[in-house]
Asks: 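Sending over a structure as structure tokens; questions will come in a sec.
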Number of protein chains: 2
Amino acid sequence: MSKAANTRLTILHKAFELIYSKGYQTTSIDDIIATTQVTKGAFYYHFKTKDEMGIAIIEEILKPTMQEHFIKPTESSQNPIEDFYNMISYLLLEDPFLQVKYGCPVGNLTQEMTPWNDKFSGVLAELVDLWKKTIINSIEKGKTSGLIRKDVIGEQVAFFILSGYWGIRNFGKLQNDNSSYLVYLKELRSYLNGLK
Amino acid sequence: MSKAANTRLTILHKAFELIYSKGYQTTSIDDIIATTQVTKGAFYYHFKTKDEMGIAIIEEILKPTMQEHFIKPTESSQNPIEDFYNMISYLLLEDPFLQVKYGCPVGNLTQEMTPWNDKFSGVLAELVDLWKKTIINSIEKGKTSGLIRKDVIGEQVAFFILSGYWGIRNFGKLQNDNSSYLVYLKELRSYLNGLK
DNA sequence: GACATAAAATACTAATTAGTATGGAAAAAC
DNA sequence: GTTTTTCCATACTAATTAGTATTTTATGTC
């Protein structure tokens, strides 16, 4: 990788970490260049504006990560119910990057940037839609393979699962411990079993 | 009400509206005094800092509203399942103040202010805990009256319901229309029926 | 190795931010 | 009716913000 491409990526990664922990608005360009050791000239060579960088983070960091970790595994799923549970459980309890007190990066950005920034809304909506569609597909497969009841409606379940995930992430932030996660996961299990 | 108490309340109300629609960080004191027609001297007479005003909004606007609209009705509930659905449905589709594109005020503040502001976390946690406890109580009553299965665990369900609500509010913000609400509500109904 | 362009460093600006200092008007206390 | 306290108005400050202008240094190309 060229040196230039490298500084660009450092900016994106460090900025993402800062934004994940502090929020987009409260993360200043000065914050970013201070932690990256990159000068302002370099920053503005790579990104015309702060928002352009924000969008790049979503497109180039969040999107690929999500594709790799959640979309792909779910696509190759044989047992949707089990996999949904494992996906959420992994995200809540095991993912090494995500932290209870900082919530869900996508959820945070959605909350903070919509409704007043259409560009952010657009790319975030795409991202979430991808995830949603994958879940719906997985449910349909489960229905044909007999693992899921035929009267279950994929879109409804997808919204229900993802909403629950976003919401409990907020509880985690509020209490700053994962006890709420554990309680939530038990009910998720019971809900998912109801789809069989 | 005294004139002073009146200006204080105007500040709180208008500031709350601004914060609800724009977020806490992006709402400046200058924004607030501009829309309230209150001078900076008046503002800082009533509130020592911006954060003190933020806390006051939660304690004096959000808390009472919640008590009145969600805690009380749920407490006097005879049919928890039906009332849970109606509560969420009302909040999502009918409440005249809340707007799809702005999400849930409590959820927004939680997302934005935790984890880096302990004072906000504290009062918000109290608020949410109150709501959660009311739901749990309601479930227990439903269990004794036979409307809810005996093996249902109140805390789990409370987390599940509230998480779902917060989460779907985020979807609403993202898409800026209530179509996701309608889909979500159908699955909520089906989930709640599973508790019978 | 000269040259062109890409990449980055430095110093700046104009606007906005939360908060302050100080003085005056309104209301209450006496 | 004077004095005291409450309440509010105006003008300011120091820090921070995103972004720019300009210069300097690498890097690749011939």
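Computed from a prediction, not measured in an experiment: that's the story for all the values here. Naming convention: chains lettered A, B, ... in sequence-line order (proteins, then strands); numbering from 1 in each chain.
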Asks: Side chain of A:Y44 only, heavy atoms from C-beta on: which candidate in D:dG19, C:dA9, D:dC8 is closest?
Replies: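 Comparing D:dG19, C:dA9, D:dC8 against the side chain of A:Y44, the answer is D:dG19.
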Asks: So which protein nitrogen or oxygen atoms get under 3.5 Å of nucleotides 25-30 of chain C's nitrogens or oxygens?
Replies:
none

Asks: Look at the side chain of A:S28 and decide which nucleotide, out of D:dA18, C:dA9, C:dT17, has an atom nearest to it.
Replies: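 Out of D:dA18, C:dA9, C:dT17, the nucleotide with an atom closest to A:S28's side chain is D:dA18.
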Asks: If I take atom CG in residue B:D30 and atom P in nucleotide D:dT17, what distance separates them, rounded to the nearest angstrom?
Replies: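 One finds 17 Å between P of D:dT17 and CG of B:D30, rounded.
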Asks: Measure CD1/B:I29 against C1'/D:dT16 and give the value in whole Å, please.
Replies: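 Distance, rounded to whole Å: 15 Å.
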Asks: Angle class for the A:F16/A:Y20 ring planes (parallel below 30°, perpendicular above 60°, tilted otherwise)?
Replies: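 Because their plane-to-plane angle is under 30°, the rings of A:F16 and A:Y20 count as parallel.
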Asks: Figure out the CE/P separation between A:M53 and D:dT17, and round it to whole Å.
Replies: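 It is 13 Å, rounded to the nearest whole Å.
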Asks: How many whole angstroms separate atom CD1 of B:I11 from atom P of D:dC8?
Replies: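 After rounding, the gap between these two atoms is 8 Å.
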Asks: Verify the distance criterion only: is there a donor paired with an acceptor across the side chains of B:N79 and B:Y85 at less than 3.5 Å?
Replies: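 No, no side-chain donor-acceptor contact under 3.5 Å.
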Asks: With the side chain of B:K40 defined as its heavy atoms from C-beta on, choose the nearest nucleotide among D:dT10, D:dG19, D:dT17.
Replies: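 Nucleotide nearest to B:K40's side chain: D:dT10.
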Asks: Nearest-Å distance, CD (A:Q37) to C1' (C:dA9)?
Replies: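 Distance check: A:Q37 CD to C:dA9 C1' gives 14 Å.
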Asks: From CZ of A:F43 over to P of C:dA9, roughly how many Å is that when rounded to an integer?
Replies: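 Nearest whole value for this atom pair: 14 Å.
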Asks: Which residue, B:T26 or A:H46, contacts DNA chain C at a nucleotide closer to its 5' end, judged by nearest heavy atom?
Replies: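 Nearest-nucleotide comparison on DNA chain C picks A:H46.
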Asks: In terms of the nearest nucleotide of DNA chain D, which residue is placed more toward the 5' end: A:T27 or A:G41?
Replies: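 Nearer the 5' end of the strand: A:T27.
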Asks: Between B:L124 and B:V106, does a side-chain contact (heavy atoms from CB on, under 4.5 Å) hold up when you go through it step by step?
Replies: CA-CA 7 Å; B:L124 286 169; B:V106 180; 4.2 Å; yes
Asks: Which of parallel (below 30°), tilted (30 to 60°) and perpendicular (above 60°) describes A:Y191 and B:Y191?
Replies: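 Answer is perpendicular, since the angle exceeds 60°.
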Asks: Test salt bridge (Lys or Arg N to Asp or Glu O under 4.0 Å) on A:E82 and A:R189; report intermediate values, then the result.
Replies: CA-CA 9 Å; A:E82 204 59 34; A:R189 164 114 285 165; 3.3 Å; yes
Asks: Distance only, no hydrogens: is a donor on one side chain within 3.5 Å (strictly under) of an acceptor on the other, for B:N6 and B:K3?
Replies: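 Judged by distance alone, the side chains do not pair up.
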Asks: Round to the nearest Å and state the distance from A:I33 atom CD1 to C:dA7 atom P.
Replies: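 That distance rounds to 19 Å.
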Asks: Calculate the interatomic distance between A:N6 atom CG and C:dA8 atom C1'; express it in whole Å.
Replies: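 It works out to 14 Å between those atoms.
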Asks: Looking only at side-chain N and O atoms, does A:T49 offer a donor or acceptor that is under 3.5 Å from a partner on A:D51?
Replies: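 There is no such pair between these side chains.
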Asks: Which nucleotide, D:dC8, C:dT10, D:dG19, lies nearest any side-chain atom of A:T39?
Replies: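 Closest nucleotide among those given: C:dT10.
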Asks: Side chain of B:Y45, heavy atoms from C-beta onward: which of C:dA8, D:dC8, D:dG19 has the nearest atom to it?
Replies: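 Nearest nucleotide to the side chain: D:dC8.
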Asks: At under 4.0 Å, does any side-chain N or O of A:T7 touch on OP1 or OP2 of C:dA8?
Replies: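 For A:T7, the contact criterion (side-chain N or O under 4.0 Å from OP1 or OP2 of C:dA8) is met.
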